[in-house]
Every structure is written in C-alpha cells, then in structure tokens.
Visitor: 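Okay, here's the structure, questions in a sec.
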Number of protein chains: 2
Amino acid sequence: MVTLAEVARRAKVTGATVSNVLRNPQKVKPETVERVMAAIRELGYRPNLTARALARGRTSTLALMLSNITNPFYPEFVLAAEREARKRGYFLLVCNTDDDPAITRAYLDQIAGSLASGVIVMNTDLGERELTDIARKGIAVVLCMWEHVQASLALPCVTVDFAAAGALAAAHLSGLGHRKFGALVGAGSGGPQTIRLDGFAAALAAHGHPEKSLAVVQSHDSIESGYEGAMQLMRGKPAVTAIFATNDLMAIGAMQAAADLGKRVPDDLSVIGLTDITLAHQFRPALTTIRLPTADIAARSVALALEMVEGTAPTQERYVVRAPELIVRESTGPRKR
Amino acid sequence: MVTLAEVARRAKVTGATVSNVLRNPQKVKPETVERVMAAIRELGYRPNLTARALARGRTSTLALMLSNITNPFYPEFVLAAEREARKRGYFLLVCNTDDDPAITRAYLDQIAGSLASGVIVMNTDLGERELTDIARKGIAVVLCMWEHVQASLALPCVTVDFAAAGALAAAHLSGLGHRKFGALVGAGSGGPQTIRLDGFAAALAAHGHPEKSLAVVQSHDSIESGYEGAMQLMRGKPAVTAIFATNDLMAIGAMQAAADLGKRVPDDLSVIGLTDITLAHQFRPALTTIRLPTADIAARSVALALEMVEGTAPTQERYVVRAPELIVRESTGPRKR
DNA sequence: TTGAAAGCGCTAACAT
DNA sequence: ATGTTAGCGCTTTCAA
C-alpha cells in the first residue's frame, strides 16, 4: 500500500505538504503541487480513508436506518440518498433493522462508536429519547419521513405532510361522488399510520360525510395484507365504493381483491394509494395515488445530515415538511350508482 | 467520547488489557474481566471502529457494487447480504454504479484506498483486468451472479448456472406442447444476457425444435421494455404461443402486453420468467418462473468475501455455482390447439 | 511556502 | 496475567 509518506519522499517534501496538496492546494506553491501530483500519479497513491477519519475525528460514511429494504419504497429512497451522499464525498451504509429494537440499538451503538458520522433514521421502535442520546454523542441524526413530527422537535426532521396527503385522497374520492369509504391503514414501526388516516377522515368530515360513512381496517404494508383488508372491507355492508390505502402496496392488493370478487376498478370500486412507488404506474389498472416527493426528501435528508456533520447546517432548515401531490390515473372514477 | 484509556484508568489496568477483554477475554483473569466490563458499562464506552480499523489494517465494512438498487432483484439480495454481514460483525456499503464506468471506477478507487476490506461486484462494465488489479491491492473481491463465468476464473465467483436456467424454461414450455417460441432477452452491464438465451435455445434444439421456431427480441430489464418486446414478438407471424423472458420484470411486461392484445395468459399465451423476484408470485396471473437462490447466493458471497478478508477462505470454494429451479404457477399452460 | 511534531484511539508484539 | 511500547496513515497546529 502506498502511503502519504512515500509520496512525500518521492516529491521531496513532507507529509504535511502532500496533505495540503490534497485538500488545500491553494496553500501550496503551484510548482510543488505539480511535483506532488506527479508523485501521486506515478505511485498510484490513494489516501487511506480510515487514517484520515481517525485524524479528523469523523468518517466519510453516513448510515441509513430503515426497517426493510425489500419494501419497494426504500430502494427508490436509497438510490437518491446514495447519489446525494456520493456527490458530497460520502458513502452510504444501509442498515436493515427489521423493526427489531435489538438490531436497531446495536447499529446505533456502533454508529455512536464512530461507524458513521451521521444517521438518517427512517423509522424505529425506539423512543425518541434513545435517539437524542446518540445525537448528544456528536453524531448527526436526522429523522426522515416520520409521521408524528410534532413529537420530535428535538431532532431535525425532513418529512411530508401526511395529514395533507390523506386529505388530498379524501377530496379526490369525495369529488368523484363516493359516499361509502373504506380505509386500509398500514402500520409502520411506530404503530399504525394514523396521521394519514386522520387527515383522510377529517377531510371527509369537512366534505360533509358522516362518520359512519368510513370503515377502517388495520393492515400491514404489503400486497397480501392489502388484499385481505380489502376483502374485509368489501364484505362489509353497505359495501364501500371507494378505498383509500395508506400506502401503494396495500392499494394494489385491494385491486387484486376487487378483481377476485368480480368487481371492476374503477367502475365498481375506486382505489387510491399513497406514496407513488414505481410499481403504482406499472400496475394495471394504473394506480391513482398521492405522490410523496421521495427522491427529493432523500436528497434533502442527506444534505441536512452532512451539513450538520460539517458544521454548516443552517438552523432554519432543521425541520422541513414537503407537500404531497395527487396523481390521477386509472384506478379511481366517478361513483356509478 | 469515552476512550479505551479512560476505561483502563477506571479499571486500574492498561489499555492492552481492556483491548484483550474485548476480543480475547479468555486471556484475562475473570476477576479483571469483571472489573473492566464494569468500567465499560459505567462509562458507556464504545470502541472506536475507525481506530481499530487503522490499527488492524482492515475495516469492518464490505462494499456491494450493483448497477441500480431500484431493480427489485437487488433489494432482496441486499437484505440477505446485509444480514450475513451483520452476523459476522461487518457493515454493508451499498454502491449504485448506474452502469457508469466512471462511478464504478471511483468507488473501486476508494475501496482500494481502504474504504472497505472487501467488495462484492454484481456486474460491471469494467474489464476483469481492472478488478484483478484491485484484488491485487489486498482487497477481497468476489464476483457475484456473473453469467460469463468461464472468463472469470482469476477471481472467486458465486453465481448460478444460467444456461441450466434457460434449459429448464425450454423444457417446461416444450413439455406443454408449444411450438412457436419467443424470447425476450434482457441486458445486464456486460451486454445481453446471452447465456440464459443460449441455454434456452440449446434445450429447445435438444427437444427437437427447429431453429426457426424461436424468435428473439432484445430488451431491457424492465416491465416497460418487456411490454414493448412482447408486442413485437406477438405481432410476428406465425404468432408465438410461449414467451421466455430472461428476467421476471420483462415477463410481467409481456403479460401486460398480452392483456392489451386481448390474449389470455396462459390460455392464448404462456409466459415464463427467470429469477423469481417477490413480485412474480404477487402478480396476476402469478408468474411461472425459474427461481434463482438469491438469498443463498447473497449470503454465500458475503461469507466468501469475509473468509478471504480474515484469511480463512478454503481454496476449494472460490467458485460456487448454484442450481436454478422451475416454479410453476399460473402463467404457463398447455398449448391450446 | 514548507517542515516538525504531536496526536487520533486502538492493536499487537514483546517484556515482565 | 498484565504492562510497555511502537506503530497504523493521516491531519493539524505551530515554527521556521
């Protein structure tokens, strides 16, 4: 392995100068820069990131904690996050917690022990307390996509207005003339995605729908679970004509359930999801959904975390909430009497 | 930050002993272990992984290079890989190369400069030469899921018998009585997935089908592209009654194309995929496919890489080829008259 | 503009 | 069984 010292020797300077050439070239005489660069090239030198991290007191890696990357939402997020990190010279460590507090804690422990200089926490069964503790150890932690944001003011957070997302769905369905609604509520690590539902229910009420016009079923964030939940909903009476799922996977499951019951989407049943994962528009019928600016949030989270790490974080932006957007496709339509 | 030295002071021993307690407790008197552990607990000490890495000459991270995690095959792979890595005390760095040689090279550069002590390379547009070079720098590199394995004997490799996978598909379709076949050939970083196709074509020939009974269309690894490709295939004459796609995403696209053409799957058209991603069984009709032992391969790759890193790699197993398996579901059926 | 020197926190011989 | 010591490769004051 070629070291800084070898380069220095070859360029007839000391390590300090080589180090400067690498990071503050303007502090070195152009002529010397030349010579050092030549030595670097000839020797095929690559800085040792570990040594650099030890000397500087921080690594060039960022950890991303999520529950399970197998949920199609995450890969889209990870891609965007990794791009932003790379752009800034950082690497991304992906940590699947499987919603297991033990795994989560173990990761956090190592991170606090200098695995990464920042963490983006997408969900967790840990209390905010534990997170705040590790933040106090000098690691940049940013919460991401959290629903119960008001409870998390202590830590920076980038997320979307989930209540507004639910409201958008309600307005769309109500505007289409529907009267009997069903909601499939998924569950994240922090329990059911109630904010999305609350936003939906509140908007329904605001549009003049009585409380009993909405039937709710708890479900999990998967096609299979959405299928089961929708079955329950459709067997209820009076049958619902519109279903809001708090995430796209469940919405897709609902469409499959409708098909199995001989109902046509959107003629007999409207289905609207939330997130707009790639699969949403690839499915038939293409899913109407509430789009979350996933890539944007990913990039912003990474940027925020790194600004904190590098001590350039503007205090203003420690709390960013993006807006959701209605995307109308083929799975929703006017109520046919 | 609590350091080893502080723990040592509190436990009234030296750093060496604390270090031993952490990694070779059997070398330390039980009584002392107790005392040190107590100090660690009281101080909330966490070893600094960076310092450890520098001292030991290797990091506790493993890099995984893949083209784009957004392809549903990868998350399944990543999950399994990360679990195996964690089990062994390592962390996983995910590197999306986007099939861009510049990005790939940049990553490899940093890895060689001590970012990770091993890399799993899932595909690349780089020559084997470049990979061998970085392996020579002392980094464990293992190739994974490569098709043209025979060309890669210099580097360890864990993959599956893609020709056999193609053959399995051919045997299934042929056994169902089909006579006119279409193949959708996807493209990885190294060009089209020809081995899969070759295996398919050879098996077709072996089953007595003349060469002209097979129409081939080049495509990309996506639903959209599979859709387009299948359209081409079905417009050809005589129309094919069975389509083999070299990956599941394209197969799903083919099923959608059939639906749009008013053809029923499997009655009018049989479709078989390859990989068995999760989506394959979630789709309607559920996709018949050739299953690749993804999780198994991921775990094996990580295990192999880490064994190499830790110098315990058995020379025998530097080259492992797993077998594919036919999974019959709803998208294939006997040719109807 | 460049050099000297003292670490960063931990590991690993080698001593004791 | 525990301590001493010399690094690992780089960064970073502080001098020159």
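This one's a predicted model, so the numbers in the text were calculated from it and none came from an experiment. In what follows, chains are A, B, ... by sequence order, proteins preceding strands, each numbered from 1.
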Visitor: Just how far, in rounded Å, is C1' of C:dC10 from CG of B:N24?
Guide: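 About 14 Å, once rounded to whole Å.
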
Visitor: Looking at the side chain of B:A51, which of C:dC8, C:dC10, C:dA13 is the nearest nucleotide?
Guide: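 From the listed options, C:dC10 comes nearest.
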
Visitor: Determine whether more than 12 heavy atoms belonging to other residues, nucleotides or ligands lie under 6.0 Å from atom CD of A:E42.
Guide: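 Yes, because the 6.0 Å sphere around CD of A:E42 holds more than 12 heavy atoms from other groups.
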
Visitor: What is the distance, rounded to the nearest whole Å, between atom CG of A:L115 and atom P of C:dG9?
Guide: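 Whole-Å distance recorded here is 17 Å.
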
Visitor: More than 12 heavy atoms of other residues, nucleotides or ligands under 6.0 Å from CD of A:Q26: yes or no?
Guide: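 Counting neighbours around CD of A:Q26, more than 12 heavy atoms of other residues, nucleotides or ligands fall under 6.0 Å, so yes.
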
Visitor: Hey, does B:T14 reach any base, or is it just sugar-phosphate, or nothing, if we go heavy atoms under 4.0 Å?
Guide: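 Touches a base.
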
Visitor: Side-chain donor-acceptor pair under 3.5 Å between B:R23 and B:S19, yes or no?
Guide: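 Note: B:R23 and B:S19 side chains meet the donor-acceptor criterion.
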
Visitor: Restricting to non-hydrogen atoms, name the atom on A:L62 and the atom on A:I120 that form the minimum distance, rounded to 0.1 Å.
Guide: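 Closest pair (atom of A:L62, atom of A:I120, distance): CD2-CD1, 4.2 Å.
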
Visitor: Which whole-number value in Å describes the distance from B:L4 CG to C:dT11 P?
Guide: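 Value for this atom pair: 6 Å.
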
Visitor: Considering only C:dG9, C:dA12, C:dG3, which nucleotide approaches the side chain of B:R23 most closely?
Guide: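 It is C:dA12.
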
Visitor: Could you state the atom-to-atom distance from CE of B:M1 to P of C:dG9 in whole Å?
Guide: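 From B:M1 CE to C:dG9 P: 7 Å.
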
Visitor: Verify the neighbour count for atom CD of B:E130: are there more than 12 heavy atoms of other residues, nucleotides or ligands below 6.0 Å?
Guide: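 Enclosed: over 12 neighbouring heavy atoms sit under 6.0 Å from CD of B:E130.
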
Visitor: When you match B:T32 and A:L22 each to their closest nucleotide on DNA chain D, which lands nearer the 5' end?
Guide: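 Result of the comparison: B:T32.
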
Visitor: Would A:M145 and A:V160 satisfy side-chain contact (heavy atoms from CB on, under 4.5 Å), going step by step from the backbone distance to the final call?
Guide: CA-CA 6 Å; A:M145 287 293 201; A:V160 356; 3.8 Å; yes

Visitor: Could you state the CG-P distance from B:N20 to C:dA12, rounded to the nearest angstrom?
Guide: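 Answer to the nearest Å: 9 Å.
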
Visitor: Has B:S19 got a side-chain N or O lying under 4.0 Å from the OP1 or OP2 atom of C:dC10?
Guide: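 No, no such contact exists.
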
Visitor: I would like to know whether B:Y45 and B:R10 meet side-chain contact (heavy atoms from CB on, under 4.5 Å); could you show each step before the answer?
Guide: CA-CA 12 Å; B:Y45 168 75; B:R10 178 166 193 126; over 6 Å; no

Visitor: Looking at A:T17, I'd like to know whether one of its side-chain N or O atoms comes within less than 4.0 Å of OP1 or OP2 on C:dT2.
Guide: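 No.
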
Visitor: With a 4.0 Å limit, can you tell me whether A:R58 has a side-chain N or O closer than that to the phosphate oxygens OP1/OP2 of C:dC8?
Guide: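 False: A:R58 side-chain N/O out of range (4.0 Å or more) of C:dC8 OP1/OP2.
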
Visitor: Chain A on DNA chain D: first and last contacting nucleotide, 5' to 3', under 4.0 Å to a heavy atom?
Guide: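 Result: D:dG9 to D:dT12.
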
Visitor: What integer distance in Å separates B:R56:CZ from C:dT11:C1'?
Guide: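 In whole Å, C:dT11 C1' and B:R56 CZ are 8 Å from each other.
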
